[in-house]
Amino acid sequence: PAASLDTATLGSVYHELPDRQAYCAEIHRALKPGGRVIICDWRPLRPDEDREAGPPNDHRVAVAQAARELAAAGFVDPQIDETLPAMWILTAFRKKPEKS
């Protein structure tokens, strides 16, 4: 149901979504105002890097692209963590209503 979730998490699946923009919009709809989405996925490989695990490089999504897709769906305050060696973590929030 709409506005029913506090948090949505996606682990190593964002790169597999056939319509990421529609999926982001659906997560936004399902989150309560102030709710958050947390995505952890494989970062694209650098040209000098060999793939040891994870999907092929042409399936991977850069964290900046994911952040743009979340913003287009209405998410705000993106927080990016790139401390993992092969993955990124992106957290963003459904905006709370303005107080009047």
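For this chain, numbers begin at 1 and follow the sequence in order.
- For the atom pair His28 NE2 and Arg94 CZ, the distance stands at 5.0 Å (nearest 0.5 Å).
- When the salt bridge (Lys or Arg N to Asp or Glu O under 4.0 Å) test is applied to Asp6, the partners found at least two apart in sequence or on another chain are Lys32.
- Under the 4.5 Å side-chain contact rule for hydrophobic residues, Phe93 and Tyr23 do not share a cluster.
- Between Leu31 and Ala8, the shortest heavy-atom distance links the atoms CD2-N, 4.0 Å.
- Contact between Leu70 and Ala92 at its shortest, heavy atoms only, is CD1-CB, 3.9 Å.
- For the side-chain hydrogen bond (donor to acceptor under 3.5 Å, both in side chains) test, residues two or more places apart in sequence or in another chain that qualify with Thr83 are Asp81.
- Hydrophobic side-chain contacts under 4.5 Å tie Ile38 into a cluster, directly or through other members, with Trp42, Leu84, Met87, Ile89.
- Hydrophobic cluster membership is shared by Val63 and Val61, with clusters built from Ile, Leu, Val, Met, Phe, Trp and Tyr side chains linked at under 4.5 angstrom.
- The list of salt bridge (charged side-chain N to carboxylate O under 4.0 Å, His left out) pairs with a residue in residues 67-77, not counting sequence neighbours, reads Arg20-Glu69.
- Under the 4.5 Å side-chain heavy-atom criterion for ILVMFWY residues, no single connected hydrophobic cluster contains both Val76 and Ile80.
- The salt bridge (Lys or Arg N to Asp or Glu O under 4.0 Å) test applied to Glu52 returns no partner, not counting sequence neighbours.
- The distance from atom CG of Leu10 to atom CD1 of Ile27, rounded to the nearest 0.5 Å, is 4.5 Å.
- Scored by the side-chain contact (heavy atoms from CB on, under 4.5 Å) test, Glu49 finds Arg43, Leu45, Arg46 as partners (sequence neighbours excluded).
- In terms of heavy-atom proximity, Ala62 sits nearest to Trp88 at C-NE1, 4.1 Å.
- Of the inter-residue distances, the one linking Leu90 atom CG with Arg36 atom CZ reads 12.5 Å to the nearest 0.5 angstrom.
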